[in-house]
**Student:** 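Sending over a structure as C-alpha coordinates; questions will come in a sec.
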Amino acid sequence: VNVNAYSSSSTAGIANPRLPSYAGFGCSSVWARPDFDGSVAQALLDTAYAGGIRMLDTGPSYGLGTGETRLGHWLQHHGGHDIVISTKAGTNLGDANSIYRSFRPEDLEKSLTGSLKRLGRERVDILYLHGPQPDDLNDEVLRHFEREKQRGRISWSGVNSFDPVMLSRCADFPVDVVMLQYNIVDRSAEKIIPALKKAGKLVLSATALGQAIYQKSTFGLSKYGLWYLLRALKNDPSFPIKGYRLHKEAARRGKTGIALALEFVSSNKEIDGIFFGTSRQEHMAENLLLLKGLQGHP
Ligand SMILES: NC(=O)c1ccc[n+]([C@@H]2O[C@H](COP(=O)([O-])OP(=O)(O)OC[C@H]3O[C@@H](n4cnc5c(N)ncnc54)[C@H](OP(=O)(O)O)[C@@H]3O)[C@@H](O)[C@H]2O)c1
(Lines give C-alpha, C1' and ligand atoms only; values in the text may rest on other atoms or scores of the structure.)
Protein backbone atom coordinates (compact mmCIF):
# COMPACT_ATOMS: atom_id res chain seq x y z
CA VAL A 1 0.00 0.00 0.00
CA ASN A 2 1.32 3.43 -0.77
CA VAL A 3 0.72 5.15 2.52
CA ASN A 4 2.82 8.04 1.25
CA ALA A 5 -0.30 9.03 -0.61
CA TYR A 6 -2.06 9.76 2.67
CA SER A 7 0.93 10.85 4.70
CA SER A 8 0.90 14.36 6.05
CA SER A 9 3.88 16.45 5.07
CA SER A 10 4.20 18.22 8.38
CA THR A 11 3.70 15.59 11.11
CA ALA A 12 0.40 17.24 11.90
CA GLY A 13 -1.88 14.24 11.91
CA ILE A 14 -3.77 12.41 9.20
CA ALA A 15 -7.13 13.75 8.13
CA ASN A 16 -8.53 10.62 6.48
CA PRO A 17 -6.67 7.56 7.61
CA ARG A 18 -7.12 4.54 5.42
CA LEU A 19 -5.54 1.34 6.54
CA PRO A 20 -5.22 -1.81 4.44
CA SER A 21 -6.75 -3.90 7.26
CA TYR A 22 -8.36 -3.27 10.61
CA ALA A 23 -6.29 -5.87 12.43
CA GLY A 24 -2.54 -6.20 12.59
CA PHE A 25 -0.17 -8.84 13.91
CA GLY A 26 2.45 -7.99 16.51
CA CYS A 27 5.87 -9.38 15.66
CA SER A 28 6.96 -9.29 19.29
CA SER A 29 6.66 -11.13 22.62
CA VAL A 30 7.09 -14.93 22.34
CA TRP A 31 6.95 -14.79 18.52
CA ALA A 32 10.14 -12.70 18.54
CA ARG A 33 12.07 -14.75 21.08
CA PRO A 34 15.22 -16.35 19.65
CA ASP A 35 14.24 -19.67 21.28
CA PHE A 36 10.83 -19.67 19.56
CA ASP A 37 10.85 -21.89 16.44
CA GLY A 38 11.67 -19.64 13.47
CA SER A 39 9.71 -21.77 11.00
CA VAL A 40 6.57 -21.53 13.15
CA ALA A 41 7.10 -17.76 13.31
CA GLN A 42 7.23 -17.62 9.48
CA ALA A 43 4.18 -19.89 9.16
CA LEU A 44 2.19 -17.65 11.52
CA LEU A 45 2.85 -14.70 9.22
CA ASP A 46 1.74 -16.79 6.22
CA THR A 47 -1.54 -17.59 7.99
CA ALA A 48 -2.04 -13.98 9.07
CA TYR A 49 -1.49 -12.71 5.53
CA ALA A 50 -3.77 -15.35 4.00
CA GLY A 51 -6.42 -14.29 6.53
CA GLY A 52 -6.30 -10.67 5.42
CA ILE A 53 -3.89 -9.14 7.95
CA ARG A 54 -2.13 -6.20 6.30
CA MET A 55 -0.44 -4.48 9.24
CA LEU A 56 2.66 -5.83 10.96
CA ASP A 57 4.24 -4.18 13.97
CA THR A 58 7.68 -4.79 15.43
CA GLY A 59 10.56 -3.07 17.20
CA PRO A 60 14.30 -3.43 17.76
CA SER A 61 13.84 -4.40 21.41
CA TYR A 62 11.63 -7.42 20.59
CA GLY A 63 13.85 -10.47 20.96
CA LEU A 64 16.88 -8.13 20.77
CA GLY A 65 16.44 -7.63 17.04
CA THR A 66 15.04 -11.11 16.32
CA GLY A 67 11.53 -9.71 15.77
CA GLU A 68 12.74 -7.40 13.01
CA THR A 69 15.08 -10.00 11.48
CA ARG A 70 12.27 -12.59 11.33
CA LEU A 71 9.84 -10.12 9.83
CA GLY A 72 12.53 -9.04 7.33
CA HIS A 73 13.06 -12.67 6.33
CA TRP A 74 9.34 -13.12 5.69
CA LEU A 75 9.12 -9.86 3.74
CA GLN A 76 11.99 -10.97 1.50
CA HIS A 77 9.84 -13.84 0.28
CA HIS A 78 6.49 -12.07 0.23
CA GLY A 79 7.30 -8.53 -0.80
CA GLY A 80 4.82 -7.05 1.59
CA HIS A 81 4.24 -3.89 -0.40
CA ASP A 82 0.54 -3.99 0.43
CA ILE A 83 1.29 -4.11 4.17
CA VAL A 84 1.67 -1.27 6.67
CA ILE A 85 4.90 -2.00 8.52
CA SER A 86 5.78 -0.26 11.74
CA THR A 87 8.77 -0.31 14.02
CA LYS A 88 9.97 1.69 17.00
CA ALA A 89 12.91 3.71 18.27
CA GLY A 90 13.95 4.96 21.67
CA THR A 91 14.48 1.48 23.06
CA ASN A 92 17.49 1.00 20.88
CA LEU A 93 19.61 -2.04 20.21
CA GLY A 94 23.16 -1.33 21.39
CA ASP A 95 26.42 -2.74 20.08
CA ALA A 96 26.68 -5.24 22.92
CA ASN A 97 23.26 -6.67 21.96
CA SER A 98 21.54 -4.90 24.79
CA ILE A 99 18.75 -2.33 24.85
CA TYR A 100 19.44 1.26 25.78
CA ARG A 101 16.87 4.00 26.10
CA SER A 102 17.62 7.23 24.29
CA PHE A 103 15.49 9.65 22.33
CA ARG A 104 18.37 11.82 21.17
CA PRO A 105 18.08 12.36 17.40
CA GLU A 106 21.45 10.74 16.67
CA ASP A 107 20.41 7.60 18.56
CA LEU A 108 16.97 7.54 16.92
CA GLU A 109 18.63 7.84 13.53
CA LYS A 110 21.07 5.04 14.28
CA SER A 111 18.25 2.89 15.60
CA LEU A 112 16.17 3.34 12.44
CA THR A 113 19.19 2.52 10.27
CA GLY A 114 19.58 -0.75 12.19
CA SER A 115 15.86 -1.52 11.98
CA LEU A 116 15.76 -0.96 8.20
CA LYS A 117 18.78 -3.19 7.77
CA ARG A 118 17.20 -6.02 9.79
CA LEU A 119 13.89 -5.56 7.97
CA GLY A 120 15.66 -5.49 4.58
CA ARG A 121 13.79 -2.33 3.57
CA GLU A 122 14.53 1.25 2.72
CA ARG A 123 11.42 2.57 4.43
CA VAL A 124 8.84 1.76 7.10
CA ASP A 125 5.32 3.13 7.12
CA ILE A 126 5.27 4.13 10.79
CA LEU A 127 8.10 4.85 13.20
CA TYR A 128 7.01 5.11 16.84
CA LEU A 129 8.84 6.59 19.78
CA HIS A 130 8.72 3.57 22.10
CA GLY A 131 7.60 4.50 25.60
CA PRO A 132 8.88 8.10 25.74
CA GLN A 133 8.86 10.27 28.85
CA PRO A 134 7.36 13.80 28.77
CA ASP A 135 10.75 15.45 28.10
CA ASP A 136 11.26 13.23 25.05
CA LEU A 137 8.38 14.89 23.20
CA ASN A 138 10.37 17.90 22.04
CA ASP A 139 11.25 19.94 18.94
CA GLU A 140 14.45 18.02 18.29
CA VAL A 141 12.47 14.81 18.01
CA LEU A 142 9.95 16.48 15.68
CA ARG A 143 12.78 17.74 13.47
CA HIS A 144 14.14 14.21 13.42
CA PHE A 145 10.78 12.89 12.18
CA GLU A 146 10.69 15.61 9.51
CA ARG A 147 14.19 14.71 8.32
CA GLU A 148 13.32 11.01 8.12
CA LYS A 149 10.15 11.79 6.15
CA GLN A 150 12.14 13.92 3.73
CA ARG A 151 14.76 11.18 3.34
CA GLY A 152 11.88 8.82 2.55
CA ARG A 153 12.74 6.42 5.38
CA ILE A 154 9.36 6.82 7.15
CA SER A 155 5.86 7.78 6.06
CA TRP A 156 4.21 8.47 9.41
CA SER A 157 5.54 9.50 12.80
CA GLY A 158 4.12 8.03 15.98
CA VAL A 159 4.18 7.59 19.72
CA ASN A 160 3.65 4.23 21.41
CA SER A 161 2.77 4.61 25.06
CA PHE A 162 0.42 2.98 27.55
CA ASP A 163 0.77 5.80 30.08
CA PRO A 164 -2.41 7.96 30.25
CA VAL A 165 -0.40 11.06 31.21
CA MET A 166 1.86 10.70 28.18
CA LEU A 167 -1.09 9.93 25.93
CA SER A 168 -2.91 13.11 26.91
CA ARG A 169 0.25 15.06 25.98
CA CYS A 170 0.25 13.40 22.57
CA ALA A 171 -2.93 15.24 21.57
CA ASP A 172 -0.86 18.45 21.32
CA PHE A 173 2.25 16.81 19.95
CA PRO A 174 2.23 16.82 16.14
CA VAL A 175 2.77 13.18 15.33
CA ASP A 176 0.55 11.23 12.94
CA VAL A 177 -0.15 8.03 14.86
CA VAL A 178 -0.65 7.03 18.48
CA MET A 179 -0.42 3.39 19.52
CA LEU A 180 -1.95 2.98 22.94
CA GLN A 181 -3.39 0.28 25.14
CA TYR A 182 -7.17 0.05 25.09
CA ASN A 183 -8.72 -3.31 25.71
CA ILE A 184 -11.25 -5.18 27.81
CA VAL A 185 -8.74 -5.40 30.67
CA ASP A 186 -7.36 -1.86 30.60
CA ARG A 187 -9.66 1.03 29.70
CA SER A 188 -7.48 3.77 31.20
CA ALA A 189 -6.97 5.44 27.80
CA GLU A 190 -10.69 5.64 27.02
CA LYS A 191 -11.19 9.30 27.90
CA ILE A 192 -8.11 10.41 25.99
CA ILE A 193 -9.04 8.82 22.66
CA PRO A 194 -11.55 11.53 21.58
CA ALA A 195 -8.91 14.28 21.98
CA LEU A 196 -6.41 12.27 19.96
CA LYS A 197 -8.97 11.77 17.20
CA LYS A 198 -9.93 15.44 17.29
CA ALA A 199 -6.26 16.29 16.78
CA GLY A 200 -6.32 14.16 13.60
CA LYS A 201 -4.29 11.23 14.84
CA LEU A 202 -4.57 7.68 13.68
CA VAL A 203 -5.28 5.73 16.88
CA LEU A 204 -4.20 2.11 17.08
CA SER A 205 -4.76 -0.25 19.96
CA ALA A 206 -1.94 -2.63 20.88
CA THR A 207 -2.63 -5.63 23.14
CA ALA A 208 -6.19 -5.79 21.77
CA LEU A 209 -6.76 -9.12 23.52
CA GLY A 210 -5.79 -7.75 26.94
CA GLN A 211 -2.91 -10.22 26.81
CA ALA A 212 -5.48 -13.00 27.36
CA ILE A 213 -5.11 -12.89 31.15
CA TYR A 214 -8.62 -14.42 31.38
CA GLN A 215 -7.61 -17.49 29.36
CA LYS A 216 -6.21 -20.56 31.16
CA SER A 217 -4.23 -21.60 28.07
CA THR A 218 -2.08 -18.44 28.37
CA PHE A 219 -0.39 -19.75 31.49
CA GLY A 220 -0.22 -23.43 30.50
CA LEU A 221 2.60 -25.80 31.36
CA SER A 222 5.26 -24.65 28.92
CA LYS A 223 8.19 -22.28 29.08
CA TYR A 224 6.10 -19.68 27.29
CA GLY A 225 3.28 -20.16 29.81
CA LEU A 226 5.73 -19.20 32.52
CA TRP A 227 6.98 -16.26 30.46
CA TYR A 228 3.38 -15.00 29.96
CA LEU A 229 2.73 -15.47 33.70
CA LEU A 230 5.77 -13.42 34.72
CA ARG A 231 4.81 -10.70 32.23
CA ALA A 232 1.25 -10.54 33.54
CA LEU A 233 2.49 -10.34 37.14
CA LYS A 234 4.92 -7.58 36.26
CA ASN A 235 2.22 -5.55 34.47
CA ASP A 236 -0.41 -5.97 37.18
CA PRO A 237 -0.01 -8.21 40.22
CA SER A 238 -3.82 -8.20 40.66
CA PHE A 239 -4.34 -9.73 37.21
CA PRO A 240 -5.72 -13.09 38.48
CA ILE A 241 -8.77 -11.33 39.97
CA LYS A 242 -9.49 -9.36 36.77
CA GLY A 243 -8.79 -12.42 34.66
CA TYR A 244 -11.11 -14.64 36.70
CA ARG A 245 -13.96 -12.08 36.50
CA LEU A 246 -13.63 -11.81 32.73
CA HIS A 247 -13.44 -15.57 32.39
CA LYS A 248 -16.71 -15.90 34.34
CA GLU A 249 -18.35 -13.12 32.33
CA ALA A 250 -17.39 -14.79 29.05
CA ALA A 251 -18.75 -18.16 30.26
CA ARG A 252 -22.00 -16.49 31.37
CA ARG A 253 -22.41 -15.08 27.87
CA GLY A 254 -21.51 -18.37 26.23
CA LYS A 255 -18.43 -16.94 24.51
CA THR A 256 -14.69 -17.16 24.83
CA GLY A 257 -12.79 -14.36 26.52
CA ILE A 258 -11.03 -13.69 23.21
CA ALA A 259 -14.38 -13.17 21.43
CA LEU A 260 -15.46 -10.79 24.17
CA ALA A 261 -12.16 -8.88 23.98
CA LEU A 262 -12.42 -8.42 20.20
CA GLU A 263 -16.05 -7.33 20.44
CA PHE A 264 -15.11 -4.84 23.13
CA VAL A 265 -12.27 -3.15 21.27
CA SER A 266 -14.03 -3.11 17.90
CA SER A 267 -17.12 -1.46 19.40
CA ASN A 268 -15.08 1.72 19.90
CA LYS A 269 -15.32 3.37 16.50
CA GLU A 270 -12.57 5.85 17.32
CA ILE A 271 -10.02 3.04 17.30
CA ASP A 272 -8.72 2.87 13.73
CA GLY A 273 -6.94 -0.45 14.02
CA ILE A 274 -5.84 -3.12 16.48
CA PHE A 275 -2.86 -5.37 17.10
CA PHE A 276 -2.73 -8.81 18.62
CA GLY A 277 0.00 -11.35 19.20
CA THR A 278 0.03 -15.14 19.26
CA SER A 279 2.53 -17.96 19.11
CA ARG A 280 0.01 -20.64 18.10
CA GLN A 281 -1.51 -21.44 14.73
CA GLU A 282 -4.82 -22.54 16.27
CA HIS A 283 -5.09 -19.18 18.04
CA MET A 284 -4.23 -17.29 14.87
CA ALA A 285 -6.96 -19.19 13.01
CA GLU A 286 -9.49 -18.51 15.77
CA ASN A 287 -8.67 -14.81 15.85
CA LEU A 288 -8.95 -14.46 12.09
CA LEU A 289 -12.33 -16.17 12.16
CA LEU A 290 -13.58 -13.93 14.96
CA LEU A 291 -12.29 -10.84 13.17
CA LYS A 292 -14.11 -11.83 10.00
CA GLY A 293 -17.32 -11.89 12.01
CA LEU A 294 -16.79 -8.30 13.14
CA GLN A 295 -18.31 -6.09 10.46
CA GLY A 296 -16.19 -7.46 7.68
CA HIS A 297 -12.90 -7.05 9.55
CA PRO A 298 -10.01 -7.52 8.94
N1 LIG B 1 2.91 -5.83 25.18
C2 LIG B 1 3.34 -4.58 25.08
O3 LIG B 1 3.79 -3.99 26.06
C4 LIG B 1 3.30 -3.88 23.73
C5 LIG B 1 3.89 -2.65 23.63
C6 LIG B 1 3.84 -1.98 22.42
C7 LIG B 1 3.20 -2.55 21.35
N8 LIG B 1 2.62 -3.77 21.46
C9 LIG B 1 1.98 -4.36 20.28
O10 LIG B 1 0.78 -5.05 20.57
C11 LIG B 1 0.86 -6.37 20.06
C12 LIG B 1 0.02 -7.32 20.86
O13 LIG B 1 0.48 -7.36 22.18
P14 LIG B 1 0.58 -8.70 23.04
O15 LIG B 1 0.90 -9.85 22.17
O16 LIG B 1 1.46 -8.40 24.17
O17 LIG B 1 -0.91 -8.83 23.65
P18 LIG B 1 -2.31 -9.43 23.12
O19 LIG B 1 -2.35 -9.57 21.66
O20 LIG B 1 -3.38 -8.65 23.78
O21 LIG B 1 -2.33 -10.88 23.81
C22 LIG B 1 -1.44 -11.89 23.46
C23 LIG B 1 -1.80 -13.08 24.34
O24 LIG B 1 -3.04 -13.62 23.89
C25 LIG B 1 -2.92 -15.01 23.70
N26 LIG B 1 -3.84 -15.38 22.62
C27 LIG B 1 -3.87 -14.85 21.36
N28 LIG B 1 -4.90 -15.39 20.67
C29 LIG B 1 -5.51 -16.28 21.49
C30 LIG B 1 -6.61 -17.16 21.33
N31 LIG B 1 -7.31 -17.23 20.21
N32 LIG B 1 -6.96 -17.95 22.40
C33 LIG B 1 -6.26 -17.90 23.55
N34 LIG B 1 -5.21 -17.06 23.76
C35 LIG B 1 -4.82 -16.27 22.73
C36 LIG B 1 -1.46 -15.23 23.40
O37 LIG B 1 -1.05 -16.51 23.78
P38 LIG B 1 -0.55 -17.61 22.69
O39 LIG B 1 0.80 -17.20 22.26
O40 LIG B 1 -0.58 -18.87 23.47
O41 LIG B 1 -1.56 -17.56 21.57
C42 LIG B 1 -0.80 -14.19 24.31
O43 LIG B 1 -0.68 -14.70 25.61
C44 LIG B 1 2.35 -6.68 20.14
O45 LIG B 1 2.69 -7.81 19.45
C46 LIG B 1 2.93 -5.37 19.65
O47 LIG B 1 2.86 -5.28 18.25
C48 LIG B 1 2.64 -4.43 22.65
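Whatever order the structure lists ligands and atoms in, that order sets their numbers, starting from 1.
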**Student:** Which of the listed options, R280, Q281, H283, holds the heavy atom that is closest to atom 34 (N) of ligand 1?
**Tutor:** H283
**Student:** Using heavy-atom distances only, which candidate in A206, S279, G257, A232 approaches atom 39 (O) of ligand 1 most closely?
**Tutor:**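 The residue whose heavy atom sits nearest atom 39 (O) of ligand 1 is S279.
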**Student:** Show me which atoms of ligand 1 lie under 4.0 Å from any heavy atom of G210.
**Tutor:** 20 (O)
**Student:** Output yes when E263 and K255 qualify as a salt bridge under the 4.0 Å nitrogen-oxygen rule, no when they do not.
**Tutor:** yes
**Student:** Quick one: list whatever passes side chain to side chain contact (heavy atoms under 4.5 Å, CB included) with R101, sequence neighbours left out.
**Tutor:** T91, F103, Q133, D136
**Student:** With a cutoff of 4.0 Å, is V30 in contact with ligand 1, counting heavy atoms of the residue only?
**Tutor:** no
**Student:** Just jot down the ligand 1 atoms closer than 4.0 angstrom to any heavy atom of M179, in number order.
**Tutor:**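 Counting from 1, the qualifying ligand atoms are 7 (C).
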**Student:** What protein heavy atom sits nearest atom 44 (C) of ligand 1, and how far off is it?
**Tutor:**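 So the nearest neighbour among protein heavy atoms is S28 OG, 3.1 Å.
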**Student:** Tell me the protein heavy atom at minimum distance from atom 17 (O) of ligand 1, and give that distance in Å.
**Tutor:**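 Of every protein heavy atom, Q211 CG, 3.5 Å lies nearest to atom 17 (O) of ligand 1.
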**Student:** Working to the nearest 0.5 angstrom, can you tell me the gap between D57 CG and C27 SG?
**Tutor:**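 Reported to 0.5 Å precision, the distance equals 7.5 Å.
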**Student:** Taking side chain as C-beta onward, heavy atoms only, is F276 less than 4.5 Å from I258?
**Tutor:**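 No - every pair of side-chain heavy atoms lies 4.5 Å or more apart.
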**Student:** If we set the cut-off at 4.0 Å for heavy atoms, which region of T278 has an atom near ligand 1: side chain, backbone, both, or neither?
**Tutor:** both
**Student:** Starting from atom 28 (N) of ligand 1, which protein heavy atom do you reach first, and at what distance in Å?
**Tutor:** N287 ND2, 3.0 Å
**Student:** Please test Y49 against L56 for side chain to side chain contact (heavy atoms under 4.5 Å, CB included), starting from the C-alpha separation and ending with a verdict.
**Tutor:** CA-CA 10 Å; Y49 187 82; L56 297 171; over 6 Å; no
**Student:** I need the atoms of ligand 1 closer than 4.0 Å to a non-hydrogen atom of S29, numbered in the order shown.
**Tutor:**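 Under 4.0 Å from S29, ligand 1 has these atoms: 15 (O), 16 (O).
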**Student:** Please report which non-hydrogen protein atom sits nearest to atom 22 (C) of ligand 1, along with the residue it belongs to and the distance in Å to one decimal place.
**Tutor:** G277 O, 3.4 Å
**Student:** What atoms of ligand 1 come within less than 4.0 Å of a heavy atom belonging to F276?
**Tutor:**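 It comes down to these atoms of ligand 1: 12 (C), 19 (O).
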**Student:** Using a strict 4.0 Å cut-off to heavy atoms of T218, name the atoms of ligand 1 that fall inside it.
**Tutor:** 43 (O)
**Student:** Closest non-hydrogen protein atom to atom 24 (O) of ligand 1, residue and atom name please, with distance?
**Tutor:**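 Checking every protein heavy atom, the shortest distance to atom 24 (O) of ligand 1 gives A212 CB, 3.2 Å.
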**Student:** Is it true that R231 lies under 4.0 Å from ligand 1, counting heavy atoms only?
**Tutor:**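 Yes.
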**Student:** For Y62, state whether at least one heavy atom is located under 4.0 Å from any atom of ligand 1.
**Tutor:**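 For ligand 1, residue contact (heavy atoms, under 4.0 Å) with Y62 is present.
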**Student:** Taking the six-membered ring of Y182 as reference, does the cationic atom of R187 (NZ for Lys, CZ for Arg) lie under 6.0 Å from its centre and within 45° of its axis?
**Tutor:** no
**Student:** Quick one: does any side-chain atom of S98 pair with a main-chain N or O of G94 as donor and acceptor, under 3.5 Å?
**Tutor:** no
**Student:** Might you point out which heavy atoms bring L137 and F173 nearest each other, and give the distance in Å?
**Tutor:**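 Scanning both residues, the minimum pair turns out to be C-CE1, 3.5 Å.
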**Student:** Provide, to 0.1 Å, the distance between atom 4 (C) of ligand 1 and the closest protein heavy atom, together with that atom's residue and name.
**Tutor:**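 For this ligand atom, the closest protein heavy atom is F162 CZ, 3.6 Å.
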**Student:** Closer than 4.0 angstrom, basic N to acidic O: yes or no for E140 and R143?
**Tutor:** no
**Student:** Among protein heavy atoms, which lies nearest atom 46 (C) of ligand 1, and at what distance?
**Tutor:** D57 OD2, 3.4 Å
**Student:** Are the side chains of V203 and E270 in touch, meaning some heavy atoms are under 4.5 Å apart?
**Tutor:** no
**Student:** Looking at every heavy atom in both Q281 and T47, which two are closest together, and how far apart are they?
**Tutor:**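 Heavy-atom minimum between the residues: OE1-OG1, 2.8 Å.
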**Student:** If you take all heavy atoms of I53 and L288, which pair is closest and at what distance?
**Tutor:** CG1-CD2, 3.7 Å
**Student:** With the threshold set at under 4.0 angstrom, would you say Q181 reaches ligand 1 through any of its heavy atoms?
**Tutor:**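 Q181 does not count as a contact of ligand 1 under the 4.0 Å cut-off.
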**Student:** For atom 6 (C) of ligand 1, what is the nearest protein heavy atom, given as residue, atom name and distance?
**Tutor:**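 Looking at atom 6 (C) of ligand 1, the protein heavy atom closest to it is N160 OD1, 3.0 Å.
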**Student:** Using a strict 4.0 Å cut-off to heavy atoms of A208, name the atoms of ligand 1 that fall inside it.
**Tutor:** 20 (O)
**Student:** Could you list all the salt bridge (charged side-chain N to carboxylate O under 4.0 Å, His left out) pairs where at least one residue sits in residues 223-234, not counting sequence neighbours?
**Tutor:** D35-K223
